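Throughout, protein chains are lettered first and strands after them, A, B, ... in sequence-line order, and every chain is numbered starting at 1. Treat the numbers as computed from the prediction; the structure is a model and nothing was measured.
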2 protein chains.
Amino acid sequence: MFPETRFAADTKERILDAAEALFVEQGFVATSLRMITAKAGVNLAAVNYHFGSKDELIKAVFERRLGPLNKERIAYLDRLEAQAKGKPLKPEQVVEAMVSAALKLSRDPLKGGTAFLRLLGHTIAEPADYMQRFLPEQYREVVVRFKAAFARALPEIPEQELVWRMHFMFGAMTYSMAGNDALRLIASCKLCEADDAESIVRRLVPFLVAGLQAPLPAARTEGKPDTRRATRKRAA
Amino acid sequence: MFPETRFAADTKERILDAAEALFVEQGFVATSLRMITAKAGVNLAAVNYHFGSKDELIKAVFERRLGPLNKERIAYLDRLEAQAKGKPLKPEQVVEAMVSAALKLSRDPLKGGTAFLRLLGHTIAEPADYMQRFLPEQYREVVVRFKAAFARALPEIPEQELVWRMHFMFGAMTYSMAGNDALRLIASCKLCEADDAESIVRRLVPFLVAGLQAPLPAARTEGKPDTRRATRKRAA
DNA sequence: GTCTATACCACGATAGAC
DNA sequence: GTCTATCGTGGTATAGAC
């Protein structure tokens with residue numbers, strides 16, 4: 001229809017591809033717009049024209065991958081819940097719905113492959129304020145759906161506690177996906193051969209399921225009496 | 001003795017204090033040396049004179065807090081092991097040794113208080129290469145000692161698996177300490193009142209202990225048979 | 001609308017005077 | 001030890017070509 005938009009899209013795509021590759025290699029701050037535009041073969045000002053700023057470019061890089069990833073997570077959950085026909089899912093099913101979409105993405109080089117997962121891990125803790133607003137927005141739907149699913153799968157966990165445990169879950173997940181740079185530190189001399197995403201997931205799911213189902217902490221005795229129903233499953 | 005070193009120390013301290021405060025508020029890249037030196041009341045070139053570069057200043061800010069924190073962790077572990085008189089510690093004791101030192105630090109404004117913990121969380125995933133080398137070095141002793149303690153406390157977990165679970169533990173820990181900015185995302189409309197470090201720890205420890213003790217994942221059937229002794233403690 | 005050339009200001013770093 | 005001056009590079013804004 002409008003031939004010029006085809007060219008524009010190509011330019012935008014080329015910028016996104018170049019930016020993503022360089023961000024993974026060197027991080028956000030270390031990669032300059034001049035490096036990105038040089039690699040993409042476009043003019044420096046093209047970034048500002050198409051994206052407005054470097055920050056907006058970063059957000060666009062994430063949006064392109066994170067959107068489909070989170071849609072896949074929800075689709076996976078939908079399928080599980082359809083199969084269950086109204087019965088609550090098992091905790092490990094919900095955890096796997098959360099994790100396995102990322103696993104699938106890591107196997108597809110066209111969607112960013114492992115590189116994007118590392119990028120994601122590096123950015124969850126990003127202090128920049130524009131990310132503090134952007135990421136919650138991107139994850140909102142996923143969080144709402146999975147929180148509901150977990151609440152049904154783990155009825156003995158009070159909501160307040162569940163929120164925290166999901167928080168811990170996100171931490172363990174993103175941290176471990178960020179690549180084994182930090183793992184080398186723990187493994188010390190002994191090298192860890194399993195750096196494929198699949199074996200990470202196989203190890204991560206039991207850890208998370210156990211953590212989510214952990215016995216509830218003792219209610220604080222000091223201060224006003226606790227109003228939450230702290231149904232202790234079993235003693236530690 | 002050398003009066004000029006007294007002044008130098010003051011200048012260094014003033015720079016460190018100003019830098020730490022600004023880093024917490026705005027992150028590393030967003031705070032310029034000009035902001036730091038203005039807040040500290042020193043000349044711009046003083047940073048380069050005393051620390052060599054901005055990167056070295058960042059490392060110095062961390063070293064000042066992280067060194068004592070990790071020494072405290074090891075001291076806590078030493079005390080527990082002395083009490084146990086050769087018997088293996090319980091998993092929850094080891095986890096608490098890891099976590100409670102951070103809790104203590106968060107209560108001491110002179111040592112950085114909660115602000116430094118947030119800074120720590122924001123930096124574990126730092127992609128900058130100088131941090132990739134610096135942080136492992138800072139954590140090396142802690143990791144070696146705690147890995148040994150966990151190996152004794154959890155003899156049924158193979159070493160390979162233990163390394164990964166410690167990795168997940170670090171993730172959940174640092175992520176949750178980084179502040180509840182990301183938590184707001186999970187809690188959605190419902191505000192979480194418990195943002196003091198103490199209640200985080202009370203919730204975090206049971207989660208981690210359960211995760212570390214989780215039943216071992218099923219051995220992969222493909223490829224060579226698994227040589228690990230996969231002693232399943234209990235079914236999920 | 002799309003793209004280019006170019007100028008602008010803030011940044012980190014450094015040399016040399018005091 | 002401290003300061004001023006200056007350099008190269010970074011993100012950004014804009015005027016104008018196509």
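Comparing B/Met35 and A/Gly41 against DNA chain C, the residue whose closest nucleotide sits nearer the 5' end is A/Gly41.
The shortest distance between the side-chain N/O atoms of B/His50 and the OP1/OP2 oxygens of D/dT2 is below 4.0 Å. The phosphate of C/dC3 has neither OP1 nor OP2 within less than 4.0 Å of any side-chain N or O from A/Tyr49. Listed pair B/Ser32 / C/dA10 fails the phosphate criterion, with no side-chain N or O lying under 4.0 Å from OP1 or OP2. The phosphate of D/dT2 has neither OP1 nor OP2 within less than 4.0 Å of any side-chain N or O from B/Asn43. Distances shown here put a side-chain N or O of A/Thr11 below 4.0 Å from the OP1 or OP2 atom of C/dC3.
Atom CG of B/Leu44 is separated from atom C1' of D/dC3 by 10 Å (rounded to the nearest Å). Rounded to an integer number of Å, the gap from CD1 of A/Ile36 to P of D/dT9 is 18 Å. Distance A/Leu33 CG to D/dT12 P: 6 Å, rounded to the nearest Å. For the pair B/Phe28 CZ and D/dG10 C1', the computed distance is 20 Å after rounding to whole Å. Rounded to a whole Å, the CZ atom of B/Phe51 is 16 Å from the C1' atom of C/dA13. Whole-Å rounding puts the A/Arg14 CZ to C/dT2 C1' distance at 13 Å. For the pair B/Asn48 CG and C/dA13 P, the interatomic distance rounds to 6 Å; values are reported in whole Å. The interatomic distance linking A/Asp10 (CG) with C/dG1 (C1') rounds to 15 Å, in whole Å.
A salt bridge between B/Glu56 and B/Lys59 is present, with a side-chain N of the basic residue lying under 4.0 Å from a carboxylate O of the acidic one.
Across all strands, A/Ala45 comes closer than 4.0 Å to base atoms (heavy-atom distances). A/Thr37 comes within 4.0 angstrom of nothing in the nucleic acid, heavy atoms only.
Under the rule for a side-chain hydrogen bond (donor to acceptor under 3.5 Å, both in side chains), B/Glu141 has no partner lying at least two apart in sequence or in another chain.
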Just list the side-chain donor-acceptor pairs under 3.5 Å for residues 35-45 of chain A, sequence neighbours left out, or say none.
from    : atom 1 : to      : atom 2 : distance (Å)
A/Thr37 : OG1    : A/Leu33 : O      : 2.9
A/Thr37 : OG1    : A/Arg34 : O      : 3.3
A/Asn43 : OD1    : A/Ala45 : N      : 2.8

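Taking each heavy atom of B/Met98 and B/Phe146 in turn, the nearest pair found is N-CE2, 3.5 Å. Here the shortest heavy-atom pairing between A/Glu92 and A/Val209 reads CA-CG2, 3.6 Å.
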